[in-house]
Amino acid sequence: MRVSRLFTKTSKNAPADEVSKNAQLLIRAGFVYKVMAGVYAYTPLGLRVLENIKRIVREEMNAIQGQELIMTNLQPKELWEVTTRWDDKVVDVWFKTRLKDETEVGLAWSHEEPIMEMMRQYIESYKDLPVSVYQFQTKLRNELRAKSGIMRGREFVMKDMYSLHADAKDLEDYYNKVIEAYKRIYNRLGIGDDTYVTFASGGAFTKFSHEFQTICEAGEDVLYIHRGKNIAVNEEVLDEAIRELGVKKDELEKVKSAEVGNIFNFGTEKSMQMDILITDHQGKRQPLYLASYGIGITRVMGVIVEKFADDKGIVWPESVAPFTVYLAPLGESTDVIAEADDLYKALTTAGVAVLYDDRTVARAGEKFADADLLGIPYRIVISDKTVASKQLELKPRTESHTQLMDRESVIKKLAPTPPRLL
RNA sequence: CGGGGUGUGGCGCAGUUGGCUAGCGCGCCGCGUUUGGGACGCGGAGGUCGAAGGUUCAAGUCCUUUCACCCCGACCA
């Protein structure tokens, strides 16, 4: 992509109505556009990041036999009445509306009931299980107060997966597989080292649910962690969990964190509530077992910005960066332009995502500042100097020194390894 | 939902105790000079001051209502 053609622009001024670091930087750099409080649109730059995050999640979900689908945002009221969750006193984040004929419908804040209802039609016997489905969907939640930029909006993208099983043991095994898949996801997203599987409250049907929490100053949760033992407990359930785990409170370190994933074991509760039964080996009708697994895609994006940004701007991990390289020719000499055009073509052909700053009017400082603000992992400079020496100047976003390399080495270094097939 | 705060060109801001054609920085357009960390000069475009109502000879400025946005708290499968 050429910078001259990208419709978004960077800005030196941060918007006054945003305080959170993630929103300020994402807006200044042109990744998101604020539509209203807690509601953000994603520009081509922002969408590339979201898609990169989704790709990683998708690969890992597929690897554990998740099947991707997509549900709807309009949901029938009756479904939710069965589980008492249509009631605003039970679920206080509903957006509700009506069809022209006055039929009440809800706007998806979750898809648990609708997914189960759909499964009713396909799952009749233990032979149809297990099954695991997931989607990337927009959730609409009428939060009293939006805050923290894209980390807690009224409209956001979530990956939610649901697994159905014939018995508790099968669910348990799969649940543990998902935990491992989630760990791989957070590692690949670059936040693995600071992300903990956390004991949290899970309502009546699970003793504890598991949250995935990433240490992050901008987060809303408080965690007590033991780095050595890899233990983390949400403050909400500290006393119970300490008893359960046999650790002392004063061994634990208190940190702020953001929830980046949450998994629940519903057991047979939802199945019984909704009367979705399967036939077992003996031909008897039995409730099935359900678990759900969420990852806040847009929230993860915000957490990554919060965690890695420096005083110059965003710092994307290579795995989610919208582009791998920021290519900045300096000056207007025809040799420089020709070399840059050529390299742009060569890198693109090699599968490297390049943001090519082809603006001839922009000065060096402007290009460098944009490269930094945008958080592109590598910057390549081409100038009269580099052309003369037949080298390229490469600088990782996180380092202050540049290094001279020849073109072949640069391409070799930056070209992606082929993805594993799933 | 309780408390606090803010709305003035695309963005960030200033506008004295009400007073004359509403300014500044960034950005934008044109011309020229520049060109390794956000250049400079000259010339331009762009605002019914969130909205509605009121007070006044006169309202960005005062009053009322309302909307939006932000922060703290509460809330948060």
Side-chain angles (χ1 to χ4, degrees), chain A residues 7-20 23-24 27-30 33-39 80 83 85 88-94 108-113 115 139 141-149 151-154 156 158 160-162 200-206 208-212 219-221 234 236 258-259 261-266 269-270 290-296 299 311-313 326 328-333 336-337 357 359-374 379-387 393 395 400 402:
Chain A
F7 81 78
T8 52
K9 295 177 195 173
T10 59
S11 166
K12 275 190 261 191
N13 293 330
D17 63 355
E18 292 282 5
V19 169
S20 70
Q24 285 205 344
I27 291 172
R28 277 188 56 208
Y33 167 78
K34 184 181 195 169
V35 175
M36 52 194 242
V39 180
W80 291 92
T83 56
R85 298 210 292 176
D88 289 325
K89 287 191 283 293
V90 178
V91 172
D92 64 0
V93 293
W94 270 117
W109 64 276
S110 161
H111 288 84
E112 282 157 6
E113 275 78 345
I115 290 256
K139 307 293 182 196
R141 293 189 185 176
N142 202 349
E143 300 278 358
L144 236 34
R145 181 186 165 201
K147 57 191 277 194
S148 309
M151 289 174 65
R152 181 164 168 195
R154 297 198 166 91
F156 57 95
M158 187 175 199
D160 44 323
M161 181 160 81
Y162 305 85
S201 61
F205 319 124
T206 51
F208 299 115
S209 67
H210 290 90
E211 286 177 350
F212 289 77
E220 294 183 38
D221 288 304
N234 195 307
E236 295 166 1
E259 183 186 329
N262 201 339
I263 62 181
F264 292 91
N265 181 346
F266 286 93
E269 185 63 29
K270 187 74 73 183
L290 171 73
S292 78
Y293 318 85
I295 291 181
R299 175 178 284 187
D311 58 337
K312 293 196 172 83
Y326 195 90
L330 302 186
E332 291 179 77
S333 98
V336 168
I337 304 290
D357 195 343
R359 298 172 299 176
T360 50
V361 289
R363 301 162 69 88
E366 216 170 329
K367 292 185 176 185
F368 296 163
D370 276 349
D372 289 342
L373 176 60
L374 289 164
R379 185 187 81 197
I380 292 176
V381 166
I382 294 177
S383 65
D384 288 323
K385 271 188 274 180
T386 66
V387 169
E393 187 181 299
K395 186 184 99 61
S400 52
T402 61

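Throughout, a chain's letter reflects where its sequence line sits, starting with A, and its residues are numbered from 1.
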Notebook entry, point to check: Is the shortest side-chain N to carboxylate O distance from A:R28 to A:D370 below 4.0 Å?
Noted result: no
Check: Taking a pair as Watson-Crick or G-U wobble with both distances under 3.5 Å, which nucleotide is matched to B:G73?
Finding: B:C1
Next item on the list: Determine the Euclidean distance between corresponding C1' atoms of B:C20 and B:C57; express it in Å to zero decimal places.
Entry: 13 Å
Note to self: Measure CD/A:E220 against C1'/B:A77 and give the value in whole Å, please.
What the structure shows: 15 Å
Margin query: Using a 4.0 Å heavy-atom cut-off, does A:K34 contact any base of the nucleic acid, only the sugar-phosphate backbone, or nothing at all?
Written below: sugar-phosphate
Checklist line | Interatomic distance where CD belongs to A:E143 and P belongs to B:C71 [whole Å] | finding: 14 Å
Margin query: Between A:R152 (side chain only) and A:K147 (backbone N and O only), is there a donor and an acceptor less than 3.5 Å apart?
Written below: no
Checklist line | Atom C1', compared across B:C49 and B:G23: separation rounded to whole Å | finding: 12 Å
Note to self: Could you check whether any side-chain N or O of A:S148 sits under 3.5 Å from a backbone N or O of A:M151, counting only pairs where one atom can act as donor and the other as acceptor?
What the structure shows: no
Note to self: Once hydrogens and angles are ignored, does a donor-acceptor distance under 3.5 Å link the base of B:G7 to the side chain of A:D17?
What the structure shows: no
Notebook entry, point to check: Does A:R145 have a side-chain nitrogen or oxygen under 4.0 Å from the phosphate oxygens OP1 or OP2 of B:C75?
Noted result: no
Notebook entry, point to check: With both distances under 3.5 Å as the test, what is the Watson-Crick or G-U wobble partner of B:C42?
Noted result: B:G30
Notebook entry, point to check: Which part of the nucleic acid does A:E393 contact within heavy-atom distance under 4.0 Å: base, sugar-phosphate only, or nothing?
Noted result: base
Check: Side-chain donor or acceptor of A:R28 under 3.5 Å from a matching atom on the base of B:G12?
Finding: no
Next item on the list: Please answer whether B:A77 and A:F264 are stacked, defined here as ring centres separated by less than 5.5 Å and planes angled under 30°.
Entry: yes
Check: Does a side-chain N or O from A:R363 land closer than 4.0 Å to OP1 or OP2 of B:G38, or not?
Finding: no
Notebook entry, point to check: What's the CD1-P distance between A:I115 and B:A77, to the nearest Å?
Noted result: 20 Å
Notebook entry, point to check: Starting at CD1 of A:I27 and ending at P of B:C11, how long is that distance when rounded to a whole Å?
Noted result: 11 Å
Note to self: When the C1' atoms of B:C13 and B:U8 are compared, how many Å lie between them, rounded to an integer?
What the structure shows: 9 Å
Next item on the list: May I ask you to establish whether A:R299 and A:F156 are in a cation-pi arrangement, using a distance under 6.0 Å from NZ or CZ to the six-membered ring centre and at most 45° from the ring axis?
Entry: no
Check: For RNA chain B, whose closest nucleotide is more 5', that of A:G38 or that of A:K395?
Finding: A:K395
Margin query: Taking only the C1' atom of each, what is the distance from B:G44 to B:G38 in whole angstrom?
Written below: 23 Å
Check: Applying a 3.5 Å limit to both distances, which nucleotide forms a Watson-Crick or G-U wobble pair with B:A51?
Finding: B:U65
Next item on the list: May I ask you to say what A:V91 touches in the nucleic acid, namely base, sugar-phosphate or nothing, with a heavy-atom cut-off under 4.0 Å?
Entry: nothing
Note to self: Any strand counts, and the cut-off is 3.5 Å on both contacts for Watson-Crick or G-U wobble. Which nucleotide pairs with B:C13?
What the structure shows: B:G23
Checklist line | A:R359 backbone acceptor or donor facing A:K367 side chain under 3.5 Å | finding: yes
Notebook entry, point to check: CZ of A:R152 versus P of B:C71: gap in Å, rounded?
Noted result: 11 Å
Next item on the list: With P as the reference atom in both, quote the distance from B:G7 to B:A14 in angstrom, rounded to an integer.
Entry: 7 Å
Item checked: Footprint string (nucleotides 25-31 of chain B, 5' to 3'): B base within contact, S backbone only, - free, heavy atoms under 4.0 Å -> BS-----
Notebook entry, point to check: Using purine N1 to pyrimidine N3 plus N6-O4 or O6-N4 for Watson-Crick, or N1-O2 and O6-N3 for G-U wobble, both under 3.5 Å, which nucleotide pairs with B:U35?
Noted result: none
Checklist line | Separation of B:G38 P from A:K312 NZ (nearest whole Å) | finding: 12 Å
Item checked: Separation of the C1' atoms in B:G50 and B:G9, to the nearest angstrom -> 14 Å
Check: What is the pairing partner of B:A58, taking Watson-Crick or G-U wobble pairs with both distances under 3.5 Å in any strand?
Finding: none
Next item on the list: Can you tell me, in whole Å, how much space there is between the P of B:C28 and that of B:A22?
Entry: 26 Å
Next item on the list: Measure from the side-chain N and O atoms of A:S20 to the backbone N and O of A:G149, and report whether any donor-acceptor pair falls under 3.5 Å.
Entry: yes
Notebook entry, point to check: With sugar-phosphate meaning primed atoms plus P, OP1 and OP2, does A:D92 contact a base, only sugar-phosphate, or nothing at under 4.0 Å between heavy atoms?
Noted result: sugar-phosphate
Item checked: Test item: side-chain donor near acceptor, A:Y293 and A:D160, under 3.5 Å -> no
Check: Taking the P atom of each, how far is B:A51 from B:A68, in whole Å?
Finding: 15 Å
Notebook entry, point to check: Is A:K367 touching bases, backbone alone, or none of the nucleic acid, heavy atoms closer than 4.0 Å?
Noted result: nothing
Notebook entry, point to check: Taking atom C1' of B:C1 as reference, at what distance in whole Å does atom CG of A:L144 sit?
Noted result: 5 Å
Margin query: Once you apply a heavy-atom cut-off of 4.0 Å, does A:A364 come out as touching a base, just sugar-phosphate, or nothing?
Written below: sugar-phosphate
Notebook entry, point to check: Does a side-chain heavy-atom distance below 4.5 Å link A:Y162 with A:L290?
Noted result: yes
Check: Any luck finding a side-chain donor-acceptor pair between A:T83 and A:E113 under 3.5 Å?
Finding: yes
Notebook entry, point to check: When you measure from the side chain of A:D370, which nucleotide among B:A77, B:G37, B:G38 comes out closest?
Noted result: B:G38
Next item on the list: Select base, sugar-phosphate, or nothing to describe what A:N262 touches, counting heavy atoms under 4.0 Å on all strands.
Entry: nothing
Margin query: Under 4.0 Å, heavy atoms only, any strand: does A:R141 hit a base, just the sugar-phosphate, or nothing?
Written below: sugar-phosphate
Notebook entry, point to check: Is a donor on one side and an acceptor on the other found under 3.5 Å between the side chain of A:R154 and the backbone of A:A37?
Noted result: yes
